[in-house]
Amino acid sequence: MAIKHFLQFKDFTREEHQYVFERTRWIKDQFKSYQKYWPLTDRTLVMIFEKASTRTRLSFEAGVQQLGGSAIYLNTRDSQLGRGEPVEDAAQVISRMSDLVMIRTFEQDIIERFAANSRVPVINGLTNEYHPCQILADIFTYIEHRGCIGGKTVAWVGDANNMCNTWLQAAEVLDFKVHVSTPPGYELNPALIAGVDPSRYAVFADPMDACRGADLVTTDVWTSMGYEAENEARMKAFADWCVDAEMMGVADAKALFMHCLPAHRGEEVTADVIDGPQSVVWDEAENRLHVQKALMEYLLLGRLKV
């Protein structure tokens, strides 16, 4: 059987995503009721970090252990990957000593090359271009609170970054729409959303217009990891792209607010929004744990009839 990787959201079909969401619900229920579930006994996850992380490391490491497996943490600063070893060679070796690999790095090309030379499934824990595991958690959180996301509208306010790119892929796969509003100079990169049906998204110069009638409003930090040198310029450019009560007020009355965290209150979102009644950021953060457990189970064991 061909190895299945999860490098972009579009790597899975709608049916596969629906299966993962169903398994997530079941696995989360087991976790909440303190039921032991160890389908990955004796399986080893290798986690490779070139970019620092809190939620990604914690959710993957705790997740695989809760499924009965074990995790090994590798930082490129402390391994041969940080000393010039070709990605292709590292993939050959690491995949012979493990069952699953998660990589959090800069360029998408790195993870694509690793996967092409891996004997085991590879998961994208974040790249500059895409963040599929986070969008899995976000959509599952929406499903938990509001039901099916199909036919709904998601408003993205802020930088056209890896999160935004992945939301557009998800809209294509799961049949919903994304309203995108970014400051001038920080627009969508056509190369990164190639293949996405233009009818699945709309671009708005005014973030208020993007939020109007939306079922979900979401954003991210103004300066993503790796772009710190641009911070001062971004602070000025993004000043009008702060999600506040006025933006949430023009969204649907039942609209949710999400943020992948960490958040900077007073910059990309006001405190009254992220700490307010429409915010589900803590459920969203926790659900990284549960969707990634379902994802790892699926990549290693396929569809289960339980």
Side-chain angles (χ1 to χ4, degrees), residues 1-9 11-13 16-50 53-76 78-81 87-105 110-127 131-134 136-137 140 286-306:
M1 187 176 73
I3 299 170
K4 188 79 177 176
H5 303 296
F6 190 60
L7 310 183
Q8 300 184 36
F9 196 92
D11 287 346
F12 283 11
T13 65
E16 286 178 304
H17 280 294
Q18 289 173 341
Y19 171 80
V20 170
F21 293 139
E22 291 169 5
R23 291 299 298 163
T24 299
R25 188 187 306 277
W26 187 87
I27 288 171
K28 184 175 182 179
D29 286 346
Q30 302 307 298
F31 177 80
K32 294 295 186 180
S33 58
Y34 299 96
Q35 297 297 310
K36 178 179 174 181
Y37 179 58
W38 283 7
L40 301 187
T41 300
D42 294 331
R43 301 296 184 98
T44 301
L45 166 71
V46 170
M47 307 181 300
I48 302 173
F49 286 87
E50 189 171 13
S53 165
T54 299
R55 280 153 291 276
T56 297
R57 179 177 179 181
L58 181 58
S59 57
F60 271 106
E61 190 163 346
V64 74
Q65 290 177 3
Q66 290 168 15
L67 295 179
S70 59
I72 297 174
Y73 173 84
L74 293 179
N75 190 297
T76 53
D78 307 320
S79 68
Q80 294 300 331
L81 276 168
V87 171
E88 293 78 3
D89 292 0
Q92 290 279 357
V93 174
I94 292 170
S95 66
R96 284 171 179 260
M97 299 183 183
S98 62
D99 301 286
L100 186 64
V101 178
M102 185 283 297
I103 303 177
R104 182 179 171 95
T105 186
I110 294 173
I111 198 168
E112 299 280 352
R113 287 161 54 202
F114 191 105
N117 291 274
S118 174
R119 296 158 61 110
V120 301
V122 177
I123 298 172
N124 181 352
L126 174 143
T127 61
H131 198 358
C133 289
Q134 182 64 57
L136 269 183
F140 178 75
E286 178 191 340
N287 282 334
R288 282 288 299 276
L289 172 70
H290 305 302
V291 296
Q292 287 165 187
K293 285 195 282 188
L295 174 64
M296 290 187 287
E297 179 196 69
Y298 175 62
L299 290 174
L300 288 174
L301 304 180
R303 289 178 182 255
L304 300 181
K305 296 180 181 180
V306 293

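Bear in mind that the values here come from a model prediction, so they are computed numbers and not experimental data.
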request  = Identify, with sequence neighbours excluded, every residue that meets ring pair (Phe, Tyr, Trp, His ring centres under 6.0 Å) alongside F9.
outcome  = H17
task = Determine the sole option in Q134, H131, R288 for which the side-chain hydrogen bond (donor to acceptor under 3.5 Å, both in side chains) test with T56 is passed.
result = R288
query = Tell me the salt bridge (Lys or Arg N to Asp or Glu O under 4.0 Å) pairs involving residues 28-42, sequence neighbours left out?
reply = K28-E144, K32-E286
query = Does F49 reach the side chain of T76, with side-chain heavy atoms less than 4.5 Å apart?
reply = no
key: Point-to-point distance, once rounded to the nearest 0.5 Å, from CG of L74 to CD1 of I48   = 6.0 Å
Residue list, salt bridge (Lys or Arg N to Asp or Glu O under 4.0 Å) with E88, at least two apart or on another chain = R113
query = Is the W26-Y37 ring centre distance short of 6.0 angstrom?
reply = yes
query = Is K4 reaching over with its side chain to a backbone N or O of D11, donor-acceptor style, under 3.5 angstrom?
reply = yes
request  = Please name the pair of heavy atoms, one in M47 and one in F60, separated by the smallest distance, quoted to 0.1 Å.
outcome  = SD-CB, 3.8 Å
ask   = When rounded to the nearest 0.5 angstrom, what is the spacing between OG in S118 and NE2 in H5?
value = 5.5 Å
Spacing of CG belonging to L136 relative to CZ belonging to F140, to within rounding of 0.5 Å = 10.5 Å
request  = Indicate whether any N or O donor in one side chain lies under 3.5 Å from an N or O acceptor in the other, for S59 and Q292.
outcome  = yes
ask   = Got a second to check how far L299's CG is from L45's CG, nearest 0.5 Å?
value = 10.5 Å
ask   = CD1 of I103 to CD1 of I123: how many Å apart, nearest 0.5 Å?
value = 10.0 Å
request  = Could you list the residues that satisfy side chain to side chain contact (heavy atoms under 4.5 Å, CB included) with E22, not counting sequence neighbours?
outcome  = none
query = Do you know the tightest heavy-atom contact between N124 and I111?
reply = CA-CD1, 3.3 Å
key: Side-chain touch R23/L304, heavy atoms, less than 4.5 angstrom   = yes
query = Between E112 and Q8, is any pair of side-chain heavy atoms under 4.5 Å apart?
reply = yes
query = Judged by modelled atom types alone, do E16 and Y298 share a side-chain donor-acceptor pair under 3.5 Å?
reply = yes
ask   = Under the salt bridge (Lys or Arg N to Asp or Glu O under 4.0 Å) test, which residues partner R57, sequence neighbours left out?
value = E61
inquiry  = The criterion is side chain to side chain contact (heavy atoms under 4.5 Å, CB included); which residues satisfy it with S33, sequence neighbours excluded?
reply    = Q35
Verdict with supporting geometry, T44 and L100, side-chain contact (heavy atoms from CB on, under 4.5 Å) = CA-CA 7 Å; T44 301; L100 186 64; over 6 Å; no
